[in-house]
Amino acid sequence: MKQIICLEPGKFEQREVTRPVAEPGKVILKVKRIGICGTDLHAFEGTQPFFTYPRVLGHELACEIAEGQGPEINFKAGHPVTFIPYFPCNNCIACRNGKPNCCTKIQGAGVHIDGGMTEFIQVPAYSLIDGEGLTSDELAMVEPMAIGAHAVRITEIQKDEYVLIIGAGPIGLGVMAFAKVNGARVIAMDVNNTRLEFAQKYFGVDHLINALENPVEQIAKITGNEMVTAVIDATGNKRAIEGSLEFLAHGGRITLVGIQKESFCFSHPEFHKRETTLRSSRNATREDFNQVVTNIRNGNVNVSALISHRITLHSVPDQFPLLLDPQKGVIKAIIELD
Ligand SMILES: NC(=O)c1ccc[n+]([C@@H]2O[C@H](COP(=O)([O-])OP(=O)(O)OC[C@H]3O[C@@H](n4cnc5c(N)ncnc54)[C@H](O)[C@@H]3O)[C@@H](O)[C@H]2O)c1
Ligand SMILES: [Zn+2]
Ligand SMILES: [Zn+2]
């Protein structure tokens with residue numbers, strides 16, 4: 001079978017490898033689509049910390065069952081599935097407390113272990129998610145959308161509350177989609193007007209704010225001077241994170257989905273007087289994946305619009321570097337297999 005391997009930063013190579021054979025408790029999946037995300041782009045650029053090479057990238061997969069037997073495998077060959085691409089140890093304190101998404105020894109497909117840029121992949125049967133009723137394009141969007149669904153769930157976003165979501169990239173759009181599913185009044189903020197308009201057109205957000213145009217005054221106006229009761233950062237931008245507190249109502253909460261490498265700083269009196277709740281949101285759990293599949297299946301969330309660019313597996317060495325060009329206006333690129 002064919003596989004694309006990232007040998008070192010800036011270098012992909014196609015190679016021919018033996019197709020995996022199912023081990024007990026594992027299943028072989030035929031890969032149909034691979035969504036490309038920031039993690040893959042940074043790994044290719046060499047800017048992903050703690051990344052080791054060579055590595056097969058890709059963790060946003062649409063697949064179908066190829067082979068696998070055992071009591072835990074409920075699907076027949078050809079059944080559409082995706083899988084939770086972060087494998088927990090099931091033993092550490094986070095796993096024991098029902099938080100496998102932040103396991104201390106988590107193994108991410110396409111990050112710590114080889115991932116999905118391959119024709120067939122072997123995964124643990126317990127990681128499978130039923131994709132019945134979803135197209136391959138939709139199934140490849142489940143993982144990035146689950147990141148947003150998780151952030152919304154743990155932030156306990158309520159009907160009618162004002163939520164500010166900063167960053168309208170694929171991750172922020174997922175947060176917006178699920179904040180709307182919860183019935184919140186969603187304010188989308190970015191510095192890119194094209195992305196803001198996209199958020200309104202496809203994810204029905206209520207208000208758009210360009211972060212460069214007096215955002216505090218704009219939010220005060222929208223909320224009748226009360227400000228928002230929740231801010232979710234999906235930029236991974238230090239300045240955006242540090243600025244988020246000024247938009248927050250007293251008693252409000254801030255959730256950081258975006259990630260950056262530096263420390264960040266809040267004014268302690270400003271943080272204190274609001275009795276601010278601050279938390280991060282990492283990965284997603286089975287509950288989030290299932291919520292995403294259900295909402296795509298019943299038409300509440302339209303994810304196909306996210307796909308702006310398509311390439312084939314064998315064209316990855318030539319075409320992948322072009323996706324890094326900001327002029328291309330990529331929202332989500334996917335790799336198609338037959
Ligand atoms: N929580 C998780 O497990 C998880 C998973 C995947 C990705 N992420 C992180 O989520 C973040 C977003 O990912 P993405 O793929 O959507 O990225 P992206 O780069 O496509 O989108 C980020 C958006 O933020 C906007 N932005 C940047 N600085 C801003 C500022 N100061 N004010 C307002 N808007 C600003 C950009 O214009 C862009 O539209 C990244 O930090 C990524 O590492 C987290
Ligand atoms: Zn991703
Ligand atoms: Zn663990």
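For reference, positions follow the sequence shown, starting with 1. Indexing begins at 1, ligand by ligand and atom by atom, following the structure's order.
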May I have the step-by-step check of salt bridge (Lys or Arg N to Asp or Glu O under 4.0 Å) for R33 and E60, ending in yes or no? CA-CA 8 Å; R33 299 281 188 281; E60 303 178 357; over 6 Å; no
May I have the list of side-chain donor-acceptor pairs in residues 80-94 shorter than 3.5 Å, sequence neighbours left out?
unit_1, atom_1, unit_2, atom_2, d
T82, OG1, L61, O, 2.6
Y86, OH, E143, OE2, 2.7

Vertex the Zn ion (ligand 3), ends C103/SG and C89/SG: angle to nearest 10° comes to 100°
Within a reach of under 6.0 Å around CZ of R297, are more than 12 heavy atoms found that belong to other residues, nucleotides or ligands? yes
For E270, is there an ion pair with R274 - N to carboxylate O distance below 4.0 angstrom? yes
Answer yes when K238 and D233 have at least one side-chain N-carboxylate O distance shorter than 4.0 Å, and no when they do not. no
Below 4.0 Å, non-hydrogen atoms only: which portion of A234 touches ligand 1? Side chain, backbone, both or neither. backbone
Pair E23-K26, salt bridge (Lys or Arg N to Asp or Glu O under 4.0 Å): steps then yes or no: CA-CA 5 Å; E23 295 162 15; K26 297 205 173 168; 3.7 Å; yes
Tell me the contacting part of I147 for ligand 1: side chain, backbone, both, or neither, using a 4.0 Å heavy-atom threshold, strictly below. side chain
More than 12 heavy atoms of other residues, nucleotides or ligands under 6.0 Å from CD1 of I259: is that the case? no
Nitrogen or oxygen atoms of G167 and ligand 1 under 3.5 Å apart: no
Keeping T155 on the side-chain end and V152 on the backbone end, is there a donor-acceptor pair under 3.5 Å? no
Salt bridge or not for E67 and R19, using N-O below 4.0 Å? yes
Is the shortest side-chain N to carboxylate O distance from K30 to E119 below 4.0 Å? no
Select one of side chain, backbone, both or neither to describe which atoms of N237 lie under 4.0 Å from any atom of ligand 1, heavy atoms only. side chain
If you measure from each non-hydrogen atom of C37 to ligand 1, which part falls under 4.0 Å: side chain, backbone, both or neither? neither
Just say parallel, tilted or perpendicular for the rings of H268 and F271, cut-offs at 30° and 60°. perpendicular
Considering heavy atoms of the protein only, find what lies nearest to atom 34 (N) of ligand 1 and give residue, atom and distance to 0.1 Å. D190 CA, 3.5 Å
If the cut-off is 4.0 Å to any non-hydrogen atom of N283, which atoms of ligand 1 fall inside it? 2 (C), 3 (O)
Near the Zn ion (ligand 2) (under 2.8 Å) - protein N, O or S atoms: C37 SG, H59 NE2, E60 OE2
Please report which non-hydrogen protein atom sits nearest to atom 11 (C) of ligand 1, along with the residue it belongs to and the distance in Å to one decimal place. G258 CA, 3.6 Å
Determine whether any protein heavy atom is located less than 4.0 Å from atom 14 (P) of ligand 1. yes
Taking all non-hydrogen atoms of both residues into account, name the closest pair between S263 and E242 and its distance. O-OE2, 4.4 Å
Can you tell me how far the NE2 atom of H112 sits from the OG1 atom of T52, to the nearest 0.5 Å? 8.5 Å
Salt bridge check: are R253 and E161 linked by an N-O gap of less than 4.0 Å? yes
Starting from atom 20 (O) of ligand 1, which protein heavy atom do you reach first, and at what distance in Å? R195 NH1, 3.0 Å
Taking atom 32 (N) of ligand 1 as the reference point, the nearest protein heavy atom with its distance: A211 CB, 3.7 Å
Would a hydrophobic clustering, with Ile, Leu, Val, Met, Phe, Trp and Tyr connected at side-chain separations under 4.5 Å, put V301 with I129? yes
Hey, is I166 touching ligand 1 through its side chain, its backbone, both or neither, going by heavy atoms under 4.0 Å? side chain
For atom 7 (C) of ligand 1, what is the nearest protein heavy atom, given as residue, atom name and distance? I171 CG1, 3.7 Å
The closest protein heavy-atom partner of atom 35 (C) of ligand 1 is T235 CG2, 3.5 Å
For ligand 1, which atoms sit closer than 4.0 Å to a heavy atom of G236? 41 (O)
How far is atom 1 (N) of ligand 1 from its nearest protein heavy atom, and which residue and atom is that? S281 O, 2.7 Å
Give the residue and atom name of whichever protein heavy atom lies nearest to atom 41 (O) of ligand 1, and the separation in Å to one decimal. I259 N, 3.0 Å
